[in-house]
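Everything below concerns the one structure shown next.
Below, read A as the first sequence line, B as the second, and so on, with proteins coming before strands; counting in each chain starts at 1.
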Amino acid sequence: MLKLVPRSNDVPPEEAAVPRAAAGLLLSRVAEGDQGAFAELYDLTAARVLGLIRRVLKDPAQSEEVAQEVFLEVWQTASRFDAAKGGGATWILTMAHRRAVDRVRSSQAGRDRDTKVGIRDYTPDYDSVAETVEVTVESERVAKAMERLTELQRQAVKLAYYGGYSHSEVAELLKVPIGTVKTRLRDGMIRLRDELGVAS
Amino acid sequence: MRNDDGTLGFPHQNSNPSEDDMNTAGGHGHPSDIALNSGAYVLNALSADERQEFETHLGESPTTRKEVTEMTETAALLGLSVTPVTPSPDLKRNLMAMIASTPQLPRQVEADAPTVPVASAAPAALLEPQGSAAPADPVEPQGTATPAAPSELRPRTAAKAQARWFNRPILAMTAVAAALALIVGGTGVVNLVNDATYQRQQADQLAQITSAEDMQQTVAAVSTGGTATLMWSEDLGKSVVVAEGLAELEGDETYELWYITGDGAATAAGLFTMDGSDSVWRVLEGEMQAGATIGVTVEPKGGSEQPTTDPIVAISSAA
């Protein structure tokens, strides 16, 4: 399935830098009804938002629909953004992931996903090849951090986050009990947090 | 070895990656079972029920909140590591057109207030009608007539049926802020039905209604407690009811929505329950006619074809 995600070659280099702080400032202007700030925020984050949604959802048309929902929600709820709880880009990407996962679970395509294809796509070998062509600055950091996880943690995190699989689906795919998946997801995220230097 | 910053203090986070496939056995200070869902939660891997349960726990545990905040930031980094995809120019064009007519949640408003104040007490700035023809006056309570509906819509022949719907205490007012607050993020209050497809459709329709240029809204008190806010677009022929603070029903009962015509005839428009939430919303089935009144009754589980009890609220969309 990963190979269905087109690798975009026309991303300008400056977009590879993380617009995280800027996103938060723009959000506070968007909350005041500033449409210009919304346009700026969109320009800053849209390719990242769509990239993530496409990774989860695969289908280009549905992905754009979900991206539209996300940005509409950003507009409507910008006043609820709380900078104390994290960056603006985090807020938007969290929303995007949630909506992408909702969509994948609700669509027939999601239900019919071939679990065998799913597991093949997320094997480490496949990913390590795929990751060599990724272009964002976070990509390398995340890839390195991923290497610090156990195989099971890594597979569980990737299936859940990039595949949009629920813990029970992940359990089925990896042939382990649900309780084990839950703890692996938590342990994996804690390890990634530490490796990526995220602390509040 | 690693992770010795001690921020969380959970024993198994310190385990070596090569050993930790066996690390779920609890030591002292092991987090509770539900706290172990934090990873699945930030990765959106929980079921709807578990998600709700975890969010309740989140409200009670500062430790878990901190963990989730950090994990959310971490998950976002996973998101940012994905290859960006440039959207089509249409996406931005559409969005810019849409936001121009889409209301926003106000800052720090009555958003979290459990009930809506009556019209006279409500801050004027928050009660600005979105549409041009929202009713401005509170409807007379206990009226013999029906102030909320123009009299020409109510022929005398249907007096009895109409009395059922209209001779009830009704408070009508406009309240953009309170109603919009409930649209936040959608998923937080979409707990009426577990079916994800249904939720998606409901959410999409809600977005259409709230972004319609002619959207209007009005709030009415529910006789058994709580409020019901009707938001509608005549252009779309669609409406949504936001129920706040309504009583939890017995397991064999449901709230049922109705379109009521001027002569008191009722057409079923969908079911909802509160499901333990303080506020839920429901897009009405079928097409809403201009000036229609929306009623709510308590019916046996599964709903009725015609109302079997007196309405607990009737909301008029007539100006």
Side-chain angles (χ1 to χ4, degrees), chain A residues 7-8 10-11 15 18 31 33 35 38-39 42 46-48 50-52 54-55 64 67-68 71-72 75-77 79-80 85-86 90 93-94 97-98 101-102 105-106 134-136 138-139 142 148-150 152 160-161 166-167 182-183 185-190 192-194 196 198-200, chain B residues 2-3 5 7-8 12-13 17-18 20-21 23-24 36-40 42-47 66 69-88 91-92 94-96 98-100 102-107 183-187 196-197 199-200 207 211:
Chain A
R7 298 288 169 189
S8 174
D10 56 355
V11 178
E15 277 195 47
V18 196
Q35 296 181 18
F38 180 84
Y42 176 90
R48 302 313 197 92
L50 185 59
L52 174 58
R54 270 274 270 275
R55 176 78 179 255
E64 285 224 354
Q68 177 169 308
F71 279 102
L72 206 53
W75 169 257
Q76 289 183 307
T77 64
S79 64
R80 293 298 178 271
K85 288 183 187 162
T90 296
L93 280 164
T94 301
H97 187 257
R98 177 77 181 271
V101 169
D102 281 353
R105 298 225 178 114
S106 68
E134 296 201 330
V135 297
T136 71
E138 295 83 6
S139 161
V142 167
R148 307 298 308 184
L149 305 191
T150 65
L152 193 54
Y161 191 76
S166 69
H167 58 53
K182 286 180 179 177
T183 53
L185 290 177
R186 177 167 179 273
D187 296 343
M189 288 307 287
I190 286 172
L192 286 174
R193 176 201 67 192
D194 294 340
L196 293 167
V198 177
S200 61
Chain B
R2 231 185 328 273
N3 300 345
D5 59 9
T7 46
L8 291 166
H12 65 283
Q13 86 180 76
S18 61
D20 77 352
D21 271 2
N23 71 359
T24 51
L36 288 173
N37 281 347
S38 57
V42 299
L43 296 167
N44 289 316
L46 293 178
S47 68
K66 180 174 190 294
T69 300
E70 292 171 350
M71 283 186 181
T72 301
E73 199 84 19
T74 305
L77 282 171
L78 299 187
L80 288 168
S81 77
V82 173
T83 306
V85 175
T86 306
S88 70
L91 182 58
K92 186 176 182 185
N94 290 347
L95 276 164
M96 295 311 292
M98 286 168 92
I99 65 162
T102 302
Q104 292 179 288
L105 286 183
R107 264 186 207 285
I183 299 166
V184 193
T187 38
T197 305
Q199 289 187 4
R200 185 83 267 150
S211 50

Problem set entry | Heavy-atom pair count under 4.5 Å with chain B, highest-scoring of A/Thr94, A/Leu72, A/Val101 | A/Leu72

Problem set entry | Check: A/Arg186 and B/Met71 side chains under 4.5 Å, non-hydrogen atoms | yes

Problem set entry | Rounded distance (nearest 0.5 Å) linking atom OG1 of B/Thr86 with atom CG of A/Leu50 | 8.5 Å

Exercise. Relative to chain A, which segment of B/Ser47 carries a heavy atom at a distance below 4.5 Å: side chain, backbone, both, or neither?
Worked result: backbone

Seminar exercise, completed: Most contact-rich option vs chain A, by heavy-atom pairs under 4.5 angstrom, among B/Ala45, B/Gly39, B/Ser38, is B/Ala45

Exercise. What's the spacing between A/Phe38 CZ and B/Leu95 CG if we round to 0.5 Å?
Worked result: 5.0 Å

Exercise. Going from CG on A/Leu185 to CG on B/Leu36, what distance comes out if it is rounded to the nearest 0.5 angstrom?
Worked result: 11.0 Å

Exercise. Side chain, backbone, both or neither: which part of A/Tyr42 has an atom under 4.5 Å from a heavy atom of chain B?
Worked result: side chain

Exercise. What is the minimum heavy-atom distance between B/Leu77 and A/Val142, and which atoms define it?
Worked result: O-CG2, 3.6 Å

Exercise. Measuring from A/Arg55:CZ to B/Leu78:CG, what's the distance to the nearest 0.5 Å?
Worked result: 10.0 Å

Exercise. Can you tell me how far CG of B/Asn94 sits from CD of A/Glu64, rounded to the nearest 0.5 angstrom?
Worked result: 9.0 Å

Seminar exercise, completed: In terms of heavy-atom contacts, A/Thr90 and B/Glu73 come closest through OG1-OE2, 3.1 Å

Seminar exercise, completed: OG1 of B/Thr74 to CD1 of A/Ile190, rounded to nearest 0.5 Å, is 10.0 Å

For this session: Can you see which heavy atom on B/Met96 is nearest to which on A/Gln35, and at what distance?
Result: CE-O, 3.4 Å

For this session: Determine the minimum heavy-atom distance between A/Trp75 and B/Thr102, stating which atoms define it.
Result: NE1-O, 2.8 Å

Exercise. Measuring heavy-atom distances to chain B, does A/Leu93 have an atom under 4.5 Å in its side chain, in its backbone, in both, or in neither?
Worked result: side chain

